[in-house]
Amino acid sequence: MTTPIRSIRGMHDILPEDVCHWQVLEKAAEQVFASSNYAQIRVPLLEKTEVFTRAIGSATDVVSKEMYSFADRNGESLSLRPEGTAGVVRAVLQNGLLYGPVRRLWYSGPMFRYERPQKGRSRQFHQIGAELFGAPGPDADAEVLALGTRLWSRLGLTDLRLEINSLGTAAERRAYRELLQSFLRAHQAELDDETNERVERNPLRVLDSKNPQVIALLETAPLLTDQLGAASRDHYQNVKRYLDLLGIGYFENPRLVRGLDYYCHTVFEWITDELGAQGTVCAGGRYDSLVELQGGKPWPGIGFAMGKERLVELLRQKDDMAPPVVHAYLVAAGAGSTESALKLAYDLRAGSPGLRLVNNLNGGSFKTQFKRADRSGASLALVLGEEEISNGQVAVKFLRSDEAQLTLDRDEVLDWIRTYIDSI
Ligand code: ATP
Ligand code: MG
């Protein structure tokens with residue numbers, strides 16, 4: 001006997017008992033997006049590697065360390081998508097969806113990053129994201145932030161903290177980058193090797209270091225917010241004003257940068273304290289230079305991506321989710337019962353789309369079948385014995401209450417079951 005094959009490290013199965021949490025999240029997101037006229041877009045999981053190196057930047061961890069890249073049979077470098085935005089930008093450019101009216105899009109699906117698997121961090125993970133193209137103003141930023149906020153309240157996730165910051169324009173960020181770099185270089189001796197390497201490669205990334213010594217040093221580091229020009233300050237000011245107007249609470253975090261290079265102006269994260277170290281459930285920002293990086297004429301954009309695993313974990317912790325109920329289990333035994341049951345189930349399902357009905361398979365006595373019905377969690381047993389079949393009837397037994405058994409004519413069952421489903 002060979003041993004069974006296991007899944008790849010960091011790539012998890014989502015088992016049936018968990019799927020209900022995922023669906024709650026997906027359905028709520030779909031409704032929130034629809035209410036602001038965001039349309040879904042679906043792009044490939046696999047793209048030319050360049051889609052990501054151009055957009056995300058080769059100095060980032062995502063591109064330099066985390067991508068699943070390989071040469072295909074023609075020797076072309078392809079990568080599994082590590083995030084959604086780059087591919088969406090590739091798609092909207094390719095399909096001529098830009099340079100006209102505002103485009104509001106959302107996506108959902110798996111992403112792949114070769115990271116160290118741990119709680120809240122896997123190698124195949126799933127995101128839902130939104131992207132808004134063609135609106136450079138702070139009102140668009142407020143729209144996107146309101147979208148996230150509305151989703152959390154729909155899901156009953158009341159303890160998420162919104163942190164915001166402004167990264168200004170690319171030029172302002174470049175100037176700040178130099179300033180920060182010289183500051184950090186002056187403290188080289190106090191910093192660990194990894195941080196010193198970051199100082200050279202991607203100094204802004206040092207700002208979200210987890211190392212206490214680095215954090216302490218950053219207290220005295222120059223702040224990006226102090227380097228912003230008037231227009232950037234004004235943009236940021238307005239975003240905050242709109243959030244105040246909407247009653248959306250936020251914390252300004254002047255050290256909030258994002259891991260990806262393409263962000264400018266407003267960046268933000270929603271964070272929970274309930275998941276330990278991996279507390280960011282949703283992150284995003286404005287990316288006005290991304291379309292140009294991908295080879296298009298400049299066009300503004302802003303968006304966010306949320307980690308579904310982390311949100312599902314929060315929903316699971318709330319634990320007020322009942323698994324979907326099975327309405328009825330069809331018990332059938334005796335001559336002609338297989339045919340009779342097949343037909344009844346087929347007709348009931350056709351006539352009552354909301355019905356969750358389980359057919360009995362593998363035969364068995366009435367006793368065995370009632371045991372299975374009980375284990376299935378069904379509220380009702382629909383019973384077809386020889387007597388019911390020859391009388392053109394169906395018996396209904398209530399499995400979870402003391403209500404008396406009913407006998408219905410076969411042509412009454414559909415109406416009865418519809419009324420029953422409506423009443424529960
Ligand atoms: P982190 O700092 O946690 O690594 P990130 O900045 O790399 O996050 P983004 O690229 O902004 O993450 O992705 C948005 C969201 O997707 C994150 O806030 C998180 O909820 C989720 N996410 C990112 N990477 C993973 C992963 N490896 N496993 C599970 N969820 C993830
Ligand atoms: Mg990361």
Side-chain angles (χ1 to χ4, degrees), residues 7-14 18 21-22 25 29 51-52 55-57 59-68 79-89 106-131 144-145 147-148 151-152 155 157 160-165 167 194 198 202 204-211 253 255-263 266-287 290 301-316:
S7 70
I8 298 168
R9 191 163 123 82
M11 302 209 180
H12 304 294
D13 305 307
I14 301 167
D18 268 337
H21 297 286
W22 289 74
L25 171 60
V51 168
F52 307 112
I56 302 171
T60 58
D61 284 355
V62 171
V63 166
S64 62
K65 299 189 197 144
E66 297 174 1
M67 277 218 292
Y68 280 91
S79 296
L80 283 168
R81 60 183 191 191
E83 55 101 55
T85 305
V88 169
V89 169
W106 68 277
Y107 62 83
S108 174
M111 307 294 160
F112 303 86
R113 295 185 194 176
Y114 194 81
E115 306 200 65
R116 193 168 71 77
Q118 52 194 293
K119 185 167 178 280
R121 193 176 292 290
S122 48
R123 292 181 170 177
Q124 174 172 327
F125 63 101
H126 299 78
Q127 290 182 332
I128 297 177
E131 316 288 0
V144 166
L145 287 163
L147 205 56
L151 179 57
W152 318 137
L155 292 167
L157 300 177
L160 298 181
R161 181 173 77 252
L162 172 59
E163 294 191 356
I164 61 171
N165 189 22
L167 300 182
E194 197 189 332
R198 276 195 176 160
N202 193 356
L204 258 58
R205 217 33 190 156
V206 176
L207 294 181
D208 56 17
S209 170
K210 306 276 186 291
N211 180 334
N253 176 355
R255 292 195 179 76
L256 177 67
V257 288
R258 301 280 312 121
L260 313 184
D261 272 356
Y262 52 57
Y263 289 111
T266 317
V267 290
F268 53 88
E269 292 190 359
W270 274 281
I271 302 165
T272 173
D273 294 327
E274 285 156 49
L275 295 178
Q278 298 350 301
T280 302
V281 295
C282 182
R286 178 166 280 286
Y287 48 79
L290 179 56
I302 178 166
F304 60 65
M306 62 191 82
K308 290 167 81 172
E309 278 77 1
R310 296 181 194 178
L311 287 163
V312 163
E313 188 50 36
L314 286 180
L315 294 174
R316 207 200 326 256

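Only heavy atoms go into these numbers, but all of them, side chains included; no hydrogens, no water, no symmetry mates. Ligands are counted one by one from 1 in listed order, and the atoms in each one are counted from 1 as well. Since the structure is predicted, the reported quantities are computational estimates derived from the model, not experimental observations.
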Q) Will you find, in the side chains of Gln118 and Gln278, an N or O donor that is under 3.5 Å from an N or O acceptor? A) yes
Q.
Under the rule for salt bridge (Lys or Arg N to Asp or Glu O under 4.0 Å), what residues qualify as partners of Arg286, not counting sequence neighbours?
A. Asp141, Asp288
Give every donor-acceptor pair under 3.5 Å between a side-chain atom in residues 107-114 and any protein atom, sequence neighbours left out.
from, atom 1, to, atom 2, distance (Å)
Ser108, OG, Lys308, NZ, 3.0
Arg113, NE, Pro82, O, 2.7
Arg113, NH2, Pro82, O, 3.0

(Q) Rounded to the nearest 0.5 Å, what separates atom CE in Met67 from atom CG in Asp61? (A) 12.0 Å
**Q.** Contact check: Gln127 vs ligand 1, nitrogen or oxygen atoms, below 3.5 angstrom
**A.** yes
Q. If you count the atoms of ligand 1 from 1 in the order shown, which ones are under 4.0 Å from a heavy atom of Glu115?
A. 24 (N), 25 (C), 26 (C), 27 (N)
Q.
Below a 4.0 angstrom heavy-atom separation, can you tell me which part of Arg310, side chain or backbone, both or neither, approaches ligand 1?
A. side chain
Q.
Taking 4.0 Å as the limit for heavy-atom contacts, which would you say applies to Val281 with ligand 1: side chain only, backbone only, both, or neither?
A. backbone
Q: Let me see the working for Arg161 and Glu163 under salt bridge (Lys or Arg N to Asp or Glu O under 4.0 Å), right down to the final yes or no.
A: CA-CA 6 Å; Arg161 181 173 77 252; Glu163 294 191 356; 3.1 Å; yes
**Q.** Distance filter under 4.0 Å to Ala305 heavy atoms, resulting ligand 1 atoms
**A.** 14 (C), 15 (C)
Q: Output the list of atoms in ligand 1 that are nearer than 4.0 Å to some heavy atom of Ala283, sorted by atom number.
A: 11 (O)
Q. Which atoms of ligand 1 have any heavy atom of Thr280 under 4.0 Å away?
A. 17 (C), 18 (O), 19 (C), 20 (O)
